[in-house]
Amino acid sequence: MDYNYLAELLYPNIKTLPADMEARYPKRVLPEGAKVTRFAPSPTGFLHIGNLYGAFTDERLAHTSGGVFYLRIEDTDAKRTVPNGIAIIIETLAKLGVTFDEGAVIDGDKGDYGPYRQSQRAEIYQTYAKQLIREGKAYPCFCTEEELTAIRERQEAEKLTPGYYGEFAIWRDAPIEKIQEQLEKGMPFVLRFRSEGNINNKLKFKDEIKGDIDVTENDIDHVVLKSDGIPTYHFAHAVDDHLMGTTHVIRDESWLSTLPFHIQLFKALGFKMPKYCHTAQVLKLDNGNKRKISKRKDPEAALTYYHSQGYPVAAVREYLMTILNSNFEEWRLANPDAPIENFKFTTKKMSVSGSLFDLDKLNDVSKNVISRMSAEEVYGFALAWAKENDSDFASVLEADKDYAVRILSIGRGGKKPRKDIALWSEVKNYMSFFYDGLFQKQDEIPESFSKDDIKAVLADYKEIYNKNDDQNQWFGNIKAVAEKNGFCPDMKQYKASPESFKGSVADVSMFIRVAVTGRMNSPDLYEVMQILGEDRVIDRISALLA
Ligand code: GLU
């Protein structure tokens with residue numbers, strides 16, 4: 001067979017040669033050891049937590065080595081592409097602190113290795129595909145859907161491996177006359193890779209996360225270009241990662257099954273393979289069993305969830321790092337205040353079998369992260385979240401910034417800061433009792449206390465309360481009211497003989513707390529009352545007495 005002739009017959013419009021492409025995309029000039037990584041999603045409009053897991057890995061590997069992290073849009077499957085898909089990807093990731101050095105931007109490209117949308121690179125792929133044909137490494141296949149279905153059904157019936165190989169590869173050695181005849185009839189064709197692999201052969205492959213793995217050679221003649229001349233993922237990624245200078249491919253382990261084909265493709269194209277890092281699945285516990293986080297069942301599978309719930313970006317990054325690198329938590333304990341960028345991220349500490357994602361742990365991390373922020377910072381983030389999600393509360397926060405910052409300052413700054421808030425969406429409830437317009441009774445004083453006792457205590461307290469008291473005088477007053485009403489002012493004494501009293505000074509404090517905050521739990525009551533101010537304190541106690 002004259003393969004040059006075949007190549008011209010199939011792709012007459014392609015005038016470029018691989019050498020032209022190599023010249024158009026020269027090798028990157030980067031410092032020794034610099035890693036070039038890419039995030040390569042399909043613009044389906046949905047990003048999964050697993051995508052973020054991969055994107056963080058990409059970003060860290062590139063940026064801890066002086067390399068480049070770029071965005072490539074894998075839009076070769078029109079059925080999976082949604083309008084605004086690219087904007088959704090860029091914006092969702094930016095909200096989680098992931099930005100790219102180069103690649104697709106909303107209305108075009110940034111960088112020298114574009115276009116970064118695969119749908120705009122048809123000529124490039126066809127140039128390499130044509131070269132494969134010239135070298136006898138690819139051939140056209142005119143099988144119809146019906147013929148492929150018949151092959152599949154026969155393979156199923158005979159319990160054979162599915163696919164286009166061996167005797168099923170009916171166009172593999174078709175004579176040129178037959179091919180020409182189909183072309184003349186205008187029949188569509190796909191271009192298939194001519195595999196020389198044998199499934200009885202095993203080879204060793206070094207994965208940067210999984211280590212040495214055994215791989216079985218591929219013997220299937222997979223499609224490289226579809227009938228519209230658009231490549232499959234397999235072919236497109238090989239050409240792109242070569243031309244764009246990717247040094248490390250970080251992708252989900254579900255791609256391992258097609259790795260043998262990718263190894264063949266790189267070899268056939270004469271490309272050096274990048275290093276591969278196949279990441280484990282992100283799992284969750286469901287009734288004690290580990291399972292994959294599912295887009296259908298778990299709201300936390302969607303990346304938009306984190307922004308809309310109001311997770312601080314720093315918390316998401318911090319938590320994801322704990323599941324990405326097994327030594328991160330230890331490092332964090334030793335370096336509580338260091339910026340996360342100082343951590344030496346490595347693929348060697350990544351999970352091989354599956355990374356467990358636990359929302360409760362994320363919430364804990366988030367509480368810690370927020371507890372270390374200044375009141376001003378918390379105010380800024382909470383306001384930004386409210387502006388997008390709760391404009392009424394945003395107006396409340398903006399109406400008196402100093403008041404809001406005072407509230408958020410309670411219990412902040414010391415060695416053991418309070419950890420009340422995990423999400424920006426929780427700030428409103430946390431602060432609401434400080435605002436008359438938002439104040440609502442959330443808890444009642446337990447029924448075990450008599451209404452008369454409660455009223456007597458609160459009436460006495462209202463008389464004795466003085467906004468100018470310092471914390472000692474303030475507590476002294478509560479004790480005095482307790483004693484006067486038969487509640488024990490001393491906790492030790494109370495514990496020794498609780499039956500001798502109606503209750504303790506702690507119960508009296510609780511009555512006051514429920515009266516002024518509407519809740520059984522609140523931050524330090526003295527500080528709360530200082531901030532609320534005399535009028536509100538008196539009004540709320542009076543309301544309970546009425
Ligand atoms: N477009 C592929 C996906 O979304 C990318 C896999 C890769 O990173 O190579 O899964």
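Order of appearance sets the numbers: ligands from 1, and atoms from 1 within every ligand.
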Review point. Pick one: which of Lys130, Lys15, Arg24 meets salt bridge (charged side-chain N to carboxylate O under 4.0 Å, His left out) with Glu123?
Key: Arg24
**Study point:** Of Tyr164, Tyr165, Tyr139, the residue whose pairing with Asp221 passes side chain to side chain donor-acceptor pair (under 3.5 Å)
**Key:** Tyr139
Check your understanding: Under 3.5 Å, is there a donor-acceptor pair linking the side chains of Ser326 and Lys349?
Key -> no
Review point. Heavy-atom count around Glu330 CD within 6.0 Å, excluding the residue itself: above 12?
Key: no
Study note, to complete from the structure: min-distance protein heavy atom vs atom 8 (O) of ligand 1 -> Arg38 NH1, 2.7 Å
Review point. What residue and atom, counting heavy atoms only, is the protein's closest point to atom 9 (O) of ligand 1, and at what distance?
Key: Tyr233 OH, 2.5 Å
Review point. Would you call Phe39 a ligand 1 contact, heavy-atom distance under 4.0 Å?
Key: no
Check your understanding: Does Pro41, backbone or side chain, put an N or O under 3.5 Å from an N or O of ligand 1?
Key -> no
**Study point:** Distance filter under 4.0 Å to Glu74 heavy atoms, resulting ligand 1 atoms
**Key:** 1 (N), 2 (C), 5 (C)
Review point. Within a radius of less than 6.0 Å around CD of Glu329, do more than 12 heavy atoms belonging to other residues, nucleotides or ligands occur?
Key: no
Check your understanding: With a 4.0 Å cut-off, would you call Glu91 and Lys95 a salt bridge?
Key -> no
Exercise for review: Give the residue, atom name and distance (to 0.1 Å) of the protein heavy atom nearest atom 3 (C) of ligand 1.
Suggested key: Ala40 O, 4.0 Å
Review point. Just distances here: any N/O of His237 and N/O of ligand 1 closer than 3.5 Å?
Key: no
